[in-house]
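Here's the structure, in structure tokens; my notes come after.
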Protein chains: 2
Amino acid sequence: MLTHAAEDYLKSIYKLQEKGGTVSTGILAAYLNVKPASATGMIKKLKTMKLVSHERYRGVTLTDAGRVIALEIIRHHRLLELYLFKALGVPWDGVHEEAEKLEHVISEDMEARMDEFLGYPTADPHGAPIPDKNGVVTQTEHIPMTDLQSGQSCVVSEVSDTDPVLLRHLGSFNLYPGTAFQVKEVAPFEGPFTIDIAGQQVVIGREAAKHIYVNNVQDTETT
Amino acid sequence: MLTHAAEDYLKSIYKLQEKGGTVSTGILAAYLNVKPASATGMIKKLKTMKLVSHERYRGVTLTDAGRVIALEIIRHHRLLELYLFKALGVPWDGVHEEAEKLEHVISEDMEARMDEFLGYPTADPHGAPIPDKNGVVTQTEHIPMTDLQSGQSCVVSEVSDTDPVLLRHLGSFNLYPGTAFQVKEVAPFEGPFTIDIAGQQVVIGREAAKHIYVNNVQDTETT
DNA sequence: TGTATAATTTAGGTATGCCTAAATTAATTT
DNA sequence: AAATTAATTTAGGCATACCTAAATTATACA
């Protein structure tokens with residue numbers, strides 16, 4: 001069995017790989033709130049376990065074995081988030097922190113039981129895909145909200161799960177995955193978005209918009 | 001925050017204190033599957049935190065602060081056992097192991113939500129009392145099954161939760177807390193018990209009987 | 001009461017996973 | 001291409017929590 005720390009490293013490498021390019025020691029360390037030297041140490045250990053590939057000064061990549069474990073942990077995390085949300089009524093801004101601790105600790109049996117209870121779901125409360133038990137991820141197509149133009153309408157597909165303050169803020173506007181809205185105005189010079197959600201006019205700042213993803217984008221007339 | 005290991009020590013000291021007499025380093029170590037020297041080390045640490053009292057070669061006792069933490073962990077454990085049993089259908093011989101890991105990790109919020117979901121229960125699936133959120137334990141009166149005489153009938157009140165094999169065995173006879181049975185025969189020389197559960201004749205060995213507690217004992221006629 | 005036995009504690013070692021500071025390697029600038 | 005700057009790695013330390021082996025203290029018996 002792996003340590004919790006090792007699992008966190010694998011999970012983080014996976015997520016950083018998803019976002020783009022190479023995962024450097026520094027980026028990984030920053031992501032994990034750890035010093036680069038510490039990341040180097042763990043990378044070495046993971047390399048001897050053949051869970052990552054690593055060439056000095058070149059960055060890390062998950063091996064197939066490493067990716068399997070990363071996806072297993074991510075599956076735990078997202079199933080737990082959805083379970084806590086649906087079964088215990090934990091608010092969506094609280095599920096991440098709780099799942100972060102539980103993900104390392106639950107058995108395969110408990111994973112299977114939550115999965116069944118939830119009806120084999122494919123997305124967590126923030127819209128992130130839940131890998132299936134074979135590690136297959138089905139990510140729905142989506143674009144960052146910051147790519148939207150005035151007059152376009154769309155449906156929220158995903159919101160990043162880490163910041164409770166942001167999540168409470170978005171929740172207060174009903175901005176959950178599945179919610180439709182129309183862009184009324186995009187203020188110039190990287191300014192905020194004014195959007196229409198079910199008739200309500202809401203202003204969403206740039207920083208918040210960067211954490212929101214949408215799909216079903218359609219060009220509509222602004223009235 | 002305490003480490004998981006420290007919490008386990010406090011919990012174990014509490015349980016051993018309950019069972020009777022002084023908790024020696026050796027007994028504590030054996031209970032935790034750890035060498036006496038390791039127990040000495042942890043006891044020292046807990047002493048500096050004022051969670052236990054300890055005089056060299058004299059054994060340990062929980063302080064008030066230590067008992068509060070021990071009961072908090074025991075509450076987590078037993079609430080989790082019952083929650084896993086009722087909400088996720090984990091069999092009663094599996095809940096202990098799972099709860100053992102989760103008890104150190106859940107938040108007070110999750111504790112409260114499970115408590116509410118379960119309707120503020122007072123006993124776990126093995127009949128052990130769940131301390132309330134103020135640390136008040138209401139233990140029902142009960143006696144070990146080994147004290148029963150032929151002809152007596154009673155109701156199972158508690159079964160120790162640690163051994164899955166025993167629990168599956170007892171479960172196969174429906175020997176859960178709340179189940180009534182009558183002692184048909186107690187074989188001489190510390191022999192097994194023959195009991196009647198809902199018309200079924202079942203033989204329970206001494207070793208198993210030591211792990212079973214009963215109440216509502218009544219002298220009845222053997223037919 | 002002295003000595004053997006048993007329990008406990010001390011001393012020193014291992015592994016994990018973090019840290020800081022120094023050394024090394026790579027990349028960028030002129 | 002040399003020198004500065006930035007990233008990474010090595011080296012050495014700290015805390016937790018376990019271990020074994022040796023020393024100590026208490027208890028029991030003869």
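In what follows, chains are A, B, ... by sequence order, proteins preceding strands, each numbered from 1. Bear in mind that the values here come from a model prediction, so they are computed numbers and not experimental data. Quick note: numbers below take in every heavy atom, side chains included, and nothing from hydrogens, waters or symmetry partners.
Looking at B:Glu81 and B:His126, their side chains do bring a donor and an acceptor atom within 3.5 Å of each other. Between the side chains of A:Glu185 and A:Ser150, no donor-acceptor pair is found at a separation under 3.5 Å. Side-chain polar atoms of B:Asp8 and B:His104 form a donor-acceptor pair below 3.5 angstrom.
Here the side chain of A:Lys45 is nearest to one of D:dT8, C:dG17, C:dT9, namely C:dG17. Looking at the side chain of A:Ala37, the nearest of the listed nucleotides D:dC19, C:dA21, C:dC18 is C:dA21. Checking D:dT8, C:dC18, D:dA21 against the side-chain heavy atoms of A:Ala5 singles out C:dC18 as nearest. Here the nucleotide nearest the side chain of B:Met42, chosen from D:dT20, D:dA17, C:dG17, is D:dA17.
Less than 6.0 angstrom separates the ring centroid of B:Tyr176 from the ring centroid of B:Trp92.
In this structure, A:His104 atom NE2 and C:dT16 atom C1' are separated by 15 Å, rounded to whole Å. Between A:Ile43 atom CD1 and C:dG17 atom C1' there is a gap of 14 Å when expressed in whole angstrom units. Here C:dA11 presents its C1' atom at 18 Å from NZ of B:Lys35, a figure rounded to the nearest Å. If you take CG of B:Asp8 and C1' of D:dT16, they are 14 Å apart, rounded to a whole angstrom. Distance CE (B:Met1) to P (D:dA15): 21 Å, rounded to an integer number of Å. Atom P of nucleotide D:dT9 and atom CG of A:Leu46 are separated by 13 Å, given to the nearest angstrom. Going from atom CG of A:Leu2 over to atom C1' of C:dG17 covers 14 Å, rounded to whole Å. Taking atom CE on A:Met49 and atom P on C:dA15, their separation rounds to 13 Å, with Å as the unit.
For the OP1/OP2 pair of D:dT10 and a distance below 4.0 Å, the side-chain nitrogens and oxygens of A:Lys44 include at least one atom meeting the criterion. Between C:dC18 and A:Tyr9, a contact under 4.0 Å exists linking OP1 or OP2 to a side-chain N or O. At least one side-chain nitrogen or oxygen of B:Ser38 sits closer than 4.0 Å to the OP1 or OP2 atom of D:dC19. A sub-4.0 Å separation between OP1 or OP2 of D:dT8 and a side-chain N or O of A:Ser24 is present.
In this structure, A:His4 reaches neither bases nor backbone, as no heavy-atom distance under 4.0 Å exists between it and the strands shown. A:Thr25 comes within 4.0 angstrom of the backbone, heavy atoms only, and of no base. B:Thr3 comes within contact range of the sugar-phosphate backbone alone, with a heavy-atom separation under 4.0 Å but no base atom that close.
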Subject >> Derivation of the salt bridge (charged side-chain N to carboxylate O under 4.0 Å, His left out) call for B:Glu103 and B:Arg78 >> reply: CA-CA 9 Å; B:Glu103 65 188 9; B:Arg78 295 184 180 160; over 6 Å; no
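The 5' end of DNA chain C is approached more closely, in terms of each residue's nearest nucleotide, by A:Asn33 than by the other of A:Asn33 and A:Arg56.
The base of D:dT8 sits with one of its N or O atoms less than 3.5 Å from a complementary donor or acceptor on the side chain of A:Tyr57.
In terms of modelled atom types and a separation under 3.5 Å, the side chain of B:Glu158 and the main chain of B:Pro177 share no donor-acceptor contact.
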